[in-house]
Enquirer: 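The following block contains the structure, expressed as structure tokens.
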Amino acid sequence: MLKTHTCGELRASDAGKSVTLSGWVNRRRDHGGLIFLDLRDRFGITQITVSDDPDLNLPDVTNPSSNGTNGSSTLEVASQIRSEFVVQVSGAVQKRPPGFENPELETGEVEVIASDLEILSEALTPPFVISGSQGDEVDEAVRLKYRYLDLRRPKLARNLRLRHEIVRFIRNFFYDRDFLEVETPILLKSTPEGARDFVVPSRMNPGRFYALPQSPQQMKQLLMIAGVERYFQIARCFRDEDLRADRQPEFTQLDLEMSFVEAADVMALNEEMLISLSAEVSDKPIQQVPFPVLTYDQAMAKYGIDRPDIRFGLELFEVTDFVRNSGFGVFKNAAAAGGIIKGIRYPQGASLSRKDIDGLIEYVKPYGAKGLAWIGITGEADANGNYPAESLRSPITKFLSEEEIAAIVAGAAADQGDLILLVADEPGVTNPALANLRLEIGARANLIDPNLLAFCWVVDFPLLEYDSQEDRWSAIHHPFTSARDEDWSILEQRPADVKAKAYDVVLNGWEIGGGSIRIHRSEQQMRMFQRLGLSESEVDEQFGHMLEAFQYGAPPHGGIAMGIERVVALFADAQSIREVMAFPKTSTGADLLLEAPSPVEDDQLAELHIAVREQEADPQ
RNA sequence: GGGGGCGUGGUGUAGCGGUUAGCAUAUCGGCCUGUCAAGCCGGAGGUCGCGGGUUCAAAUCCCGUCGCUCCCGCCA
């Protein structure tokens, strides 16, 4: 070994020992006749002190191997050293003189007096500062190109470490509960349901392609039929869809499946895991245990979204029925067209400037909302508890009756000083617009406690949604999800009303996992495929193996999958999952370090029986 | 597929129609024996992402394009 100790372990009690350390030079402080090197390795930082002054060497330390570093004095070597050089140093551990300890460092009570110093590897000046947090500000493209340097930075090194701890904890948790870890193939079969597949050509089978797994869904169900009973895997998944801060083309899931269980069993086990995981890797308290359970309908009503951030209140309210016949055309017309009118209270927002309110309106537009109706309560209520016109600041109250205003104020539970914001549109616009507005208000009004872990379950999702583009019903979760027992009877007649045995787990407004109880009977699965509009031949071609497998004794089963990167990012307080991946891709799917994707040789294409089409010319 | 933001020495930024393109930090050299973002002195370093246009004059205005990023669509 080129080191006897790590750079993180020496303490005052080690004073007097002869040690050898190796690592990177985090920083050099050159005082001429006295040079300090902060030596860094994965485990910490230790100050190396280099000087010609014999007084600095402890007289009682004998180090026979130290005789001048190949002819150059240690001081001469140290003066050539620059940031990120890799060096090896031998010397005596010394307690620092009183008053010169550094409480910021775990090793700050000691220093190593270099008697022998060797440069193992020189380093170019890095494109950004490795030590400290200055590198956080650097353009991400630069950081990604030099990812191996970025990962040296304390923040990313910490995130890698945290991810390791989380995955280790998860593995041990499920090992201890009799789960079998099984690896499933990366080369699978493309199916049209769900996300776009990444596709891999087969050299040996011209014109045929594998698909990379969007998740090991079918394989884990087949493992249940195989009798594995409790399966899990830390599985890499691939989806060829547009990217976001919380989405990468390849990502990692905790994938899990259990036989002979109901939804509550899967939820309880995973809730236990998440509670103990949180205690293990985070100082933050969990807001509520057991985790609150919301139905999908409740979540949509209160928060306008199926992954609510419940760290703060500000629940939405609906006034559709009170303003259905309003003189205010926007409300009346929206309601007549089947829309809903919902709102949110902005605490103490009545005094917001017109510019701030316009900012909120702009905020809501990307979600399709045409605007925001708003009522600020600037004055006092009258004797009846109603707010007269002079107590309100609003462009719309002149179109509303006193009763309508009272209903809106009551619905909002608003008091003097509050601002009420309303959206009138179809539910698919109103809910997302207000859900995101709620988060924005929460942030602006400083209502979101960053030191809370607010887990919740969302259950009773609709099984199906109508895809107007393709004019058919499609599975919200996936086509193997079971309907609730009592809803099978209406699958054909009232598909919109069928609820699934599906559950999502949400943390601070991020969907970190989701799962379901699966269909395990061939004929039910067939009904499901037919409901999704697949012909018998399509079913046979794409899913025949599943239907066949179900005929050989399939146990009732269900499971869950959790996004490892999202979980780690939340515990790491990272804004993007890229911060918790070693080598992430850009939002256009590029790897800036390897410069992938890249063209391949014609020979390689020929071998794969592939011809690349020219980009279609602009039809101009 | 669509919309927003950003792009100026290595890095982070100021400048937003006429500047010698400024500052900080890193970097290089000199001085320096107790620093830990060491300090002091001095130096070098920029085709202002790229292409085109407007103008007497463009980092600055316009158009296009590329890259990064956020969002909508898409995606569990």
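Throughout, protein chains are lettered first and strands after them, A, B, ... in sequence-line order, and every chain is numbered starting at 1. Computed from a predicted model, the values in this text were never measured in an experiment.
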Enquirer: With the threshold set at 4.0 Å, does a side-chain nitrogen-carboxylate oxygen contact exist between A:R518 and A:E257?
Expert: yes

Enquirer: Would you tell me whether A:N431 and A:Y367 have side-chain atoms, one donor and one acceptor, within less than 3.5 Å of each other?
Expert: no

Enquirer: Roughly how far apart, to the nearest Å, are B:C56 and B:G5 at atom C1'?
Expert: 34 Å

Enquirer: Distance check, P atoms only: B:C41 and B:G51, in whole angstrom units.
Expert: 40 Å

Enquirer: For the pair A:R28 and A:D30, find out whether any cationic side-chain nitrogen is under 4.0 Å from an anionic carboxylate oxygen.
Expert: yes

Enquirer: Quote, to the nearest angstrom, the P distance that separates B:G43 from B:A24.
Expert: 14 Å

Enquirer: Whom does B:C74 pair with, Watson-Crick or G-U wobble, provided both distances fall under 3.5 Å?
Expert: none

Enquirer: Could you work out the separation of B:G17 and B:G53 based on their C1' atoms and round it to a whole Å?
Expert: 15 Å

Enquirer: Taking any strand in view, what nucleotide pairs with B:G22 in a Watson-Crick or G-U wobble way, both distances under 3.5 Å?
Expert: B:U13

Enquirer: Please report, to 0.1 Å, the donor-acceptor pairs under 3.5 Å made by any side chain of residues 190-200 of chain A, with sequence neighbours excluded.
Expert:
residue, atom, partner, partner atom, Å
A:S190, OG, A:D197, OD2, 2.7
A:R196, NH1, A:D240, O, 3.1
A:R196, NH1, A:E241, OE1, 3.3
A:D197, OD1, A:Q214, NE2, 2.6
A:D197, OD2, A:T191, N, 3.3

Enquirer: Taking the same atom, C1', in B:C61 and in B:U54, what whole-Å distance lies between them?
Expert: 8 Å

Enquirer: Any chance CH2 of A:W24 has more than 12 other-residue heavy atoms, nucleotides or ligands included, within less than 6.0 Å?
Expert: no

Enquirer: Tell me the partner of B:C61, counting only Watson-Crick (N1-N3 plus N6-O4 or O6-N4) or G-U wobble (N1-O2 and O6-N3) with both under 3.5 Å; none if nothing fits.
Expert: B:G53

Enquirer: For B:G1 and B:U47, measure between their C1' atoms and round to the nearest Å.
Expert: 35 Å

Enquirer: Pairs under 3.5 angstrom, nitrogen or oxygen only, protein versus nucleotides 26-30 of chain B, please.
Expert:
residue, atom, partner, partner atom, Å
B:C28, OP1, A:R82, NE, 2.9
B:G29, OP2, A:R82, NH2, 3.2

Enquirer: Does a side chain donor of either A:Q217 or A:Q221 reach within less than 3.5 Å of an acceptor in the other side chain?
Expert: yes

Enquirer: Using purine N1 to pyrimidine N3 plus N6-O4 or O6-N4 for Watson-Crick, or N1-O2 and O6-N3 for G-U wobble, both under 3.5 Å, which nucleotide pairs with B:C68?
Expert: B:G5

Enquirer: Between B:G45 and B:G52, how many Å separate the two P atoms, rounded to a whole number?
Expert: 27 Å

Enquirer: How far, in whole Å, is B:A59 from B:C50 if one measures between their C1' atoms?
Expert: 14 Å

